[in-house]
Asks: 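Have a look at this one.
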There are 2 protein chains.
Amino acid sequence: MNRLCTLTAPKGRPREFDLDDALAGALRVFWRNGYEGASMAELTAEMKITKPSLYAAFGNKEALFHKALDLYEREKLAYMTYALDAPTARAVAENLLRGALQMQSSTCDPKGCLSVISSVACSPEAEPIKAEVAKRRASSQAALIRRFDEAKAAGEFPEGLESDALMRYLFAIMQGLTIQSGSGATCAELNQLVETAMSVWPTK
Amino acid sequence: MNRLCTLTAPKGRPREFDLDDALAGALRVFWRNGYEGASMAELTAEMKITKPSLYAAFGNKEALFHKALDLYEREKLAYMTYALDAPTARAVAENLLRGALQMQSSTCDPKGCLSVISSVACSPEAEPIKAEVAKRRASSQAALIRRFDEAKAAGEFPEGLESDALMRYLFAIMQGLTIQSGSGATCAELNQLVETAMSVWPTK
DNA sequence: GCCTATTCATACCGTTCGGTATATAGTGAG
DNA sequence: CTCACTATATACCGAACGGTATGAATAGGC
């Protein structure tokens, strides 16, 4: 039933575009305009394919967004995973802040955070998008809490400071960073924000 | 030329709805859905007027948004002005954070920040909206920088900390707070965020 | 060559978008 | 009452929305 060798050419006319290239184009559009702000016309233009090709290859707009979000997390949010490997909570925070800063400093990618852009403003019919983004964010937050729990157990935290509180605080700064980046802040200003956040980072 | 007494009834058929009530309804819709996510159908439904009445009274969708934004800043962001009267930079920051927290704790208003919601995600044709929000935010930020300059001159700041850096940092936390509020954080969690931010607030 | 399967390009679907023409209803001025 | 003026309600506008039917084009299997 299942095809064992997927390298053999499938039966019909071969697809004339590259799936990954097209998905990268879709990601750019969603990133620039958010889920609802991205129109099929702009998507197909940037993906350099026609609408029927898009629907055949990706399903529909929502399914395309999910795949673009997968790509985004895999390629652009990878630093979030690596950041957790740092030896101290402070180093984890610095990795996260500098990772976010570096991403917002890219000259070829859109500004702001795809997740925030696509979930912060949505009309009623885009609630599923908001829910999906919230679900993924929750798993990132849970991972950071677990890492901070380790740090707390290692005696890194001042008294009274809880892991979830610190996670929430750090996420807020990162979210603010992406907001400010999206509304025209310069790299120098964002760097200033990171430096300030690190300069006040709690020590025991 | 100009009518000196505006209290006399104007000539034609009197308007059957209250301008302020209608505008308050529009604000609710823009606040829930953002500028682009708010449709004329939802606006007229919430404002309890018909489309021609809306256009006669407010101009068009963009002009209506501007008036709603005025109302929002006047009624919901008033705490930002009062906050600057506090005696120290730390008290200013606490006023701002607690003001934002209190606003997000309202059970009758939508969650999140209208300005962020309406400017963070917009398709190309909504760029003027983004620019207008950016302009207003810049004036708020300038006011906070001036206030922090006073505090710095009064010797409240640790060495090397600049007013604009601290402003940017504080705004980031407030923006993160509204993002988290809009994506389902509880009042307790937001309060935890404020407490954490205040607990790390820089002292000399 | 022929059949089947898949992609491609065009043209189109019904719905919703922001915005308006038109005709009627309600007011003050004369 | 009539006129001038404004607000109302209905019905409509062209454009853009997300999504698809259709037929030609291109491949493998026989």
Side-chain angles (χ1 to χ4, degrees), chain A residues 1 3-19 21-23 26 29-30 33-68 118 121-129, chain B residues 3-23 26 29-30 33-68 118 121-129:
Chain A
M1 186 69 78
R3 177 182 301 273
L4 292 181
C5 178
T6 58
L7 294 178
T8 66
K11 283 201 65 178
R13 174 176 175 175
R15 147 177 318 123
E16 298 176 2
F17 64 94
D18 183 81
L19 269 180
D21 289 348
L23 188 57
V29 177
F30 282 129
N33 303 129
Y35 174 73
E36 299 210 70
S39 70
M40 296 306 296
E42 193 175 354
L43 284 166
T44 53
E46 185 88 23
M47 298 168 79
K48 296 191 175 66
I49 62 176
T50 62
K51 255 193 290 187
S53 295
L54 189 157
Y55 277 84
F58 298 102
N60 60 9
K61 189 184 177 183
E62 185 168 347
L64 175 61
F65 178 78
H66 277 87
K67 294 185 172 68
S118 296
C122 55
S123 54
E125 69 263 23
E127 280 296 328
I129 301 295
Chain B
R3 177 180 301 271
L4 292 179
C5 178
T6 58
L7 293 178
T8 65
K11 285 199 63 178
R13 174 177 176 176
R15 144 178 320 123
E16 298 177 2
F17 65 93
D18 183 82
L19 270 178
D20 294 335
D21 289 349
L23 188 58
V29 178
F30 282 129
N33 303 129
Y35 175 73
E36 299 211 69
S39 70
M40 297 305 297
E42 193 174 354
L43 284 165
T44 53
E46 185 87 22
M47 298 168 79
K48 296 191 175 67
I49 62 177
T50 62
K51 257 193 291 185
S53 296
L54 188 157
Y55 278 84
F58 298 102
N60 60 11
K61 188 184 178 184
E62 185 169 346
L64 175 63
F65 178 78
H66 276 88
K67 294 186 173 68
S118 297
C122 53
S123 54
E125 69 264 23
E127 281 294 329
I129 300 294

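It should be emphasised that the depicted structure is a prediction, and the values quoted were computed from it without experimental measurement. Below, chains carry the letters A, B, ... as their sequence lines are ordered, and counting in each starts from 1.
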Asks: Would you call A:K61 and A:F30 a side-chain contact if the rule is heavy atoms closer than 4.5 Å?
Replies: yes
Asks: What integer distance in Å separates A:L64:CG from D:dG19:C1'?
Replies: 13 Å
Asks: State whether the distance check finds a donor on one side and an acceptor on the other, under 3.5 Å, for side chain A:K61 versus base D:dG18.
Replies: no
Asks: On a heavy-atom basis, which atom in B:T44 and which in B:T50 lie closest, and how many Å separate them?
Replies: CG2-C, 4.0 Å
Asks: Quick check: do A:L23 and A:D18 have side-chain heavy atoms less than 4.5 Å from each other?
Replies: no
Asks: What is the distance from OH of B:Y55 to P of D:dA11, rounded to the nearest Å?
Replies: 19 Å
Asks: Can you check the A:L54 CG to D:dC17 P distance for me, whole Å?
Replies: 14 Å
Asks: Do B:S53 and B:F17 have side-chain heavy atoms sitting under 4.5 Å apart?
Replies: yes
Asks: Can you tell me if A:E36 uses its side chain to pair, donor with acceptor, with the backbone of A:S123 under 3.5 Å?
Replies: yes
Asks: Got a list of protein N/O to nucleotides 5-8 of chain D N/O distances below 3.5 Å?
Replies:
residue : atom : partner : partner atom : Å
D:dT6   : O2   : B:R13   : N            : 3.2
D:dA7   : OP1  : B:R15   : NH2          : 3.3
D:dA7   : O4'  : B:R13   : O            : 3.3
D:dA7   : N3   : B:R13   : NH1          : 3.3
D:dT8   : OP1  : B:E16   : N            : 2.7
D:dT8   : OP2  : B:S53   : OG           : 2.9

Asks: Given side-chain contact (heavy atoms from CB on, under 4.5 Å), test B:F65 with B:S118 step by step and report yes or no.
Replies: CA-CA 10 Å; B:F65 178 78; B:S118 297; 3.4 Å; yes
Asks: With rounding to the nearest 0.5 Å, note down the distance linking CE in A:M47 to CE in A:M40.
Replies: 8.0 Å
Asks: On DNA chain C, reading 5' to 3', which nucleotide is the first and which the last to sit with an atom under 4.0 Å from a heavy atom of chain A, could you check?
Replies: C:dA5 to C:dT10
Asks: Could you grab the distance from atom CZ of B:F58 to atom CG of B:L43, nearest 0.5 Å is fine?
Replies: 10.5 Å
